[in-house]
Q: 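Quick one: structure below, then a few questions.
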Protein chains: 6
Amino acid sequence: MPEDAEAIAAFGYELGLLKRVRRTGWWHAGVRDPESVAEHTMRTAQLAALIAAEEGADPARAAFLALWHDTQETRTGDLPHTAAAYLTKPDPRQITADQTNDLPERSRETVRAAVDEYEARQTLEAQCAKDADKLEMLLQAVEYRDTGIRRVEGWIDSARKDLKTETSRRIADAAVALSPLSWRER
Amino acid sequence: MPEDAEAIAAFGYELGLLKRVRRTGWWHAGVRDPESVAEHTMRTAQLAALIAAEEGADPARAAFLALWHDTQETRTGDLPHTAAAYLTKPDPRQITADQTNDLPERSRETVRAAVDEYEARQTLEAQCAKDADKLEMLLQAVEYRDTGIRRVEGWIDSARKDLKTETSRRIADAAVALSPLSWRER
Amino acid sequence: MPEDAEAIAAFGYELGLLKRVRRTGWWHAGVRDPESVAEHTMRTAQLAALIAAEEGADPARAAFLALWHDTQETRTGDLPHTAAAYLTKPDPRQITADQTNDLPERSRETVRAAVDEYEARQTLEAQCAKDADKLEMLLQAVEYRDTGIRRVEGWIDSARKDLKTETSRRIADAAVALSPLSWRER
Amino acid sequence: MPEDAEAIAAFGYELGLLKRVRRTGWWHAGVRDPESVAEHTMRTAQLAALIAAEEGADPARAAFLALWHDTQETRTGDLPHTAAAYLTKPDPRQITADQTNDLPERSRETVRAAVDEYEARQTLEAQCAKDADKLEMLLQAVEYRDTGIRRVEGWIDSARKDLKTETSRRIADAAVALSPLSWRER
Amino acid sequence: MPEDAEAIAAFGYELGLLKRVRRTGWWHAGVRDPESVAEHTMRTAQLAALIAAEEGADPARAAFLALWHDTQETRTGDLPHTAAAYLTKPDPRQITADQTNDLPERSRETVRAAVDEYEARQTLEAQCAKDADKLEMLLQAVEYRDTGIRRVEGWIDSARKDLKTETSRRIADAAVALSPLSWRER
Amino acid sequence: MPEDAEAIAAFGYELGLLKRVRRTGWWHAGVRDPESVAEHTMRTAQLAALIAAEEGADPARAAFLALWHDTQETRTGDLPHTAAAYLTKPDPRQITADQTNDLPERSRETVRAAVDEYEARQTLEAQCAKDADKLEMLLQAVEYRDTGIRRVEGWIDSARKDLKTETSRRIADAAVALSPLSWRER
């Protein structure tokens, strides 16, 4: 039906906003033009798959949960940590419900189920996705450090201490010791 | 093993390059600072899931194939269409093989299988991912048109005529007629 | 006392963040790199002075109120309109209280009094500052329209209908009809 | 009268140019995308208020003088220090006279009086505003240093030696020793 | 001699500044991130060669004059047209003299002779270079128009009326009628 | 003839693309917004002239060869070093032949002769232009290092070992030891 296609197209445009929404935490560290939520999301999903593969979880499912984990930020922006003292973080499920309201049923249920599973943090795939979210930030922190940004330790430490899977902890240890250019020498 | 974690971390840094590699085709259309391959990839994966849901394919699998479809561009950059007359496009499977060579087996096979399936274009999920790649470009073209870029018809037309699934064709038709801001009024 | 100077310096660094925080509403309109809160603030303060001069209010006071009107966004970011459905906008006075807590008394009371007066909207100067906030957005919308951004009417209309002073309404009417380059021909 | 509103709107557009004019001195230090004159102006006005509060001067007046101190750069750009050997810096009062020529009287006199007072440097408020101009550059230099820019000492030293008020000298001493992120730990 | 090499290296760093100095006139037209003087210079030199080839002048010489025509802007920045009312444009030969003062004799005389010839505007090559300077701006104006910038007519007209060679006038006429993407269809 | 002017204009637009094509190698080093090919080209041509002057070659000719050395990248983009393992670098002469096909004879032969001479590397001017290409990258590497980029040694070393003329080797030695700001103190 045309309305279904229209609803998917409109949702596609909403998701496009994530290409422009910046990861605001880095403004605090002095980065004038930090990466977008979309850029963060791509690598989070890829890392989730790798962590899941090593942890014996379903890589495609873990990546899929990661793919939707920040999509609510089209409506709220990326709230920095300092905002926590002043407002109650909204429930991602409620925003997802609104975003997907007009979608045809299969699309709607697919997205909602992914957000539900991620937020519930009950499956190993959800945990891999959450760890990937943190690990992605850690890699980015090391990358910014390598371009001269001096105060990234707070970001590295905060990412590290939240990691739950053994695999992600090991990757984090390796990443902090590696150069972001190391892949060129392998 | 530490070497495994190191290999995953190094691969994570390589994937981070996709945040900086620009989608070069838009330079031709006059866009000075176009979106990154990472930004394109995120929405491609999301659209692949929605198309797959409507087509009765596996949404997570379609998204997963899309997630890796341009990862070879860390090594070659995003080759513009005009390059085709002067060089032979490399085989993505060969680059993926090199990129994943040091990864632990499960990670390695997970990524390679995804690239193989996508490139073979034999499954419905692969077709949904490929259509999502084109559809994402179409949405972006309309978005650029809405910011003043005048010559995007070539991009819109080329995207449209390559679409294979009925769902993606319908979304394309709807998208061209819609405002990128339409989601705010729903 | 050294601690006083240190507190002022630290507050100065916090205010510097406003050079990086982007005006997020424009991301919705498709602007990839919109102006910063600091840029918006400068012109808001200047317009507040001009409106106040014409309205018979104190121009320096009106400008001063405008100068602090978005300074709380160092902690919360610039919340887009679409966020209103999902979270309660924090009280600016509470954030200002926290931001100025360590300042020496005279600095602290100066800033707090300005924020209090602005938020209470009881004085003519506060009304001029508020109108300047809206008028600045309207001028910016026309400027973006002139660089090709197509969907700015929503911003122009929303700014216009909130204006309270006669002067700001007249400037708005003139601004919508003028070219942003008109000053070069005067 | 409509012409008055039109003149204010046109002046508003001229002031908007300060969002695009870059602080050119930083290009010398290697900064590719330095802050705008508008961004510099906002913090200068805020710092002027804080210095004035501590010095027993009128904070709103000091901020107001700072608010207009670089507005002439819409016409000349921000002339780097190296230009001084090759051209005579124009008189800001003459440019302000031209910029405000068509404004209604109250607006015109308000702006001219602010520029006159700032340039004459006879009042304590004018001195606080001038010190704020230098101090703002010093804070920015430390912030750039924290993002990796190596050669900022020249900017820090030049700012420091020009400071006249005791308060601004103390803030400068504190600022050089502080991290730009220190406000997050307070 | 080492001092000679050092002087050339230092001059090379000074010239690198032109990668960061923006063409300020476009800020007036609303372009937030306009091209650099270096970018303008490259195409000016290339166009100078093409014009010279058609005019029967020496293409390499014409390009060479163009290559140095804005190099003085490392010291003064790119002064916008509106600055002319407020300051006397410095003599490029004097700045070049200072810039090349420490260079070894052959390098020094090579650069100075090029600037002298360009500024004297007595040779056909100098005229081709000057026309190329204007024509480059015209092409850029059309390119910006194609990305949505609305008010470029002033730039196009001002470029056109200054052209002296028949070849450059013909190219200008053709350029205004062509799409910047036309080369892809040839 | 009008078609000749049209062909030159179309070629001018194609060359304008070099303002947008980024030097992709720096993305690997972590630079998010590296300089354009046009920016690189301007300084390469200038350095070629200085090297040639000292080597007793023709400065204008050396600069002219440099001016066209990367113009083929309008069609292929700037291929990073890592691409070499996956594709055969196209022959620049073939691309130039296509780019200049419609140009009037004198323009066409002028450009083709320059590319031929540069690629053949048989004249001293061609060698000076090639050395300038490498030296320009070396200066840029030092400049990026000065803005905080940590991993530029690979670029500096690779540039240095390819230099063939004595003059360029001396400039390289001097450049590595100098501050990019050194010209301000001379």
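Predicted model only: the values in this text are computed from it and were never measured. Every chain is numbered from 1 and lettered A, B, ... according to where its sequence line falls, protein lines coming before strand lines.
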Q: Can you tell which part of D/Ala7 gets under 4.5 Å to a heavy atom of chain C, answering side chain, backbone, both or neither?
A: both
Q: Identify which part of C/Glu35 has an atom lying under 4.5 Å from any heavy atom of chain D, answering side chain, backbone, both or neither.
A: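 For C/Glu35, side-chain heavy atoms alone lie under 4.5 Å from chain D.
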Q: For C/Gln46 and D/Gly12, indicate whether the former's side chain and the latter's backbone hold a donor-acceptor pair under 3.5 Å.
A: no
Q: Name the option with the most non-hydrogen atom pairs under 4.5 Å to chain C; the candidates are D/Ser36, D/Ser107, D/Ala174.
A: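 Highest number of pairs under 4.5 Å: D/Ser107.
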Q: Measuring heavy-atom distances to chain C, does D/Tyr13 have an atom under 4.5 Å in its side chain, in its backbone, in both, or in neither?
A: both
Q: Nearest 0.5 Å please: distance from the CG atom of D/Leu67 over to the CG atom of C/Leu67.
A: 7.0 Å
Q: Are there residues of residues 110-123 of chain C that reach to under 4.5 Å of chain D by heavy atoms, and which ones?
A: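 When heavy atoms of chain D are the reference, residues 110-123 of chain C contributes C/Thr110, C/Val111 within the under-4.5 Å range.
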Q: Tell me the residues of residues 69-83 of chain C whose non-hydrogen atoms fall below 4.5 Å from those of chain D, in number order.
A: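 The stretch touches chain D at C/Thr71, C/Thr74, C/Arg75.
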Q: Where do C/Ala49 and D/Phe64 come nearest, in terms of heavy atoms and distance?
A: CB-CE1, 3.4 Å
Q: What residue, out of C/Glu143, C/Glu105, C/His40, C/Arg106, has the most heavy-atom pairs lying under 4.5 Å from chain D?
A: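 Highest number of pairs under 4.5 Å: C/Arg106.
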Q: Rounded to the nearest 0.5 Å, how far apart are CE of D/Met42 and CG of C/Leu18?
A: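 CG of C/Leu18 is found 4.5 Å from CE of D/Met42.
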Q: Pull out the residues in residues 177-185 of chain C that come under 4.5 Å of chain D, heavy atom to heavy atom, sorted by number.
A: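 Listed by number, the contacting residues are C/Leu178, C/Ser179, C/Pro180, C/Ser182, C/Trp183.
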Q: Do any N or O atoms from the side chain of D/Arg61 and from the backbone of C/Ala60 form a donor-acceptor pair under 3.5 angstrom?
A: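 Such a contact is absent between D/Arg61 side chain and C/Ala60 backbone.
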Q: Side chain, backbone, both or neither: which part of D/Leu135 has a non-hydrogen atom closer than 4.5 Å to chain C?
A: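 Neither; nothing under 4.5 Å.
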Q: Say you draw a straight line from CZ of C/Arg43 to CG of D/Leu17; how long is it, rounded to the nearest 0.5 Å?
A: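 Spacing of CZ (C/Arg43) from CG (D/Leu17) equals 10.0 Å.
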Q: Relative to chain D, which of C/Gln99, C/Glu39, C/Arg20, C/Arg108 shows the most heavy atom pairs under 4.5 Å?
A: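 Winner by heavy-atom pair count: C/Glu39.
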Q: Rounded to the nearest 0.5 Å, what's the gap from CG on D/Leu50 to CD1 on C/Ile8? Could you check?
A: 6.0 Å
Q: Chain D contacts: which residues in residues 147-166 of chain C have a non-hydrogen atom closer than 4.5 Å to it?
A: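 Residues of residues 147-166 of chain C touching chain D at under 4.5 Å: none.
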Q: Based on non-hydrogen pairs under 4.5 Å, which of D/Leu103, D/Asn101, D/Val142 is most in contact with chain C?
A: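 Sorted descending by pairs with chain C, the first entry is D/Val142.
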Q: Non-hydrogen atoms of chain C under 4.5 Å away: do they reach the side chain of D/Glu14, the backbone, both or neither?
A: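 Contact with chain C involves both backbone and side-chain atoms of D/Glu14.
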Q: Go through the atoms of D/Gln140 and report whether side chain, backbone, both or neither lie under 4.5 Å from a heavy atom of chain C.
A: side chain
Q: Please state whether the side chain, the backbone, both or neither of C/Glu136 comes within less than 4.5 Å of a heavy atom of chain D.
A: side chain
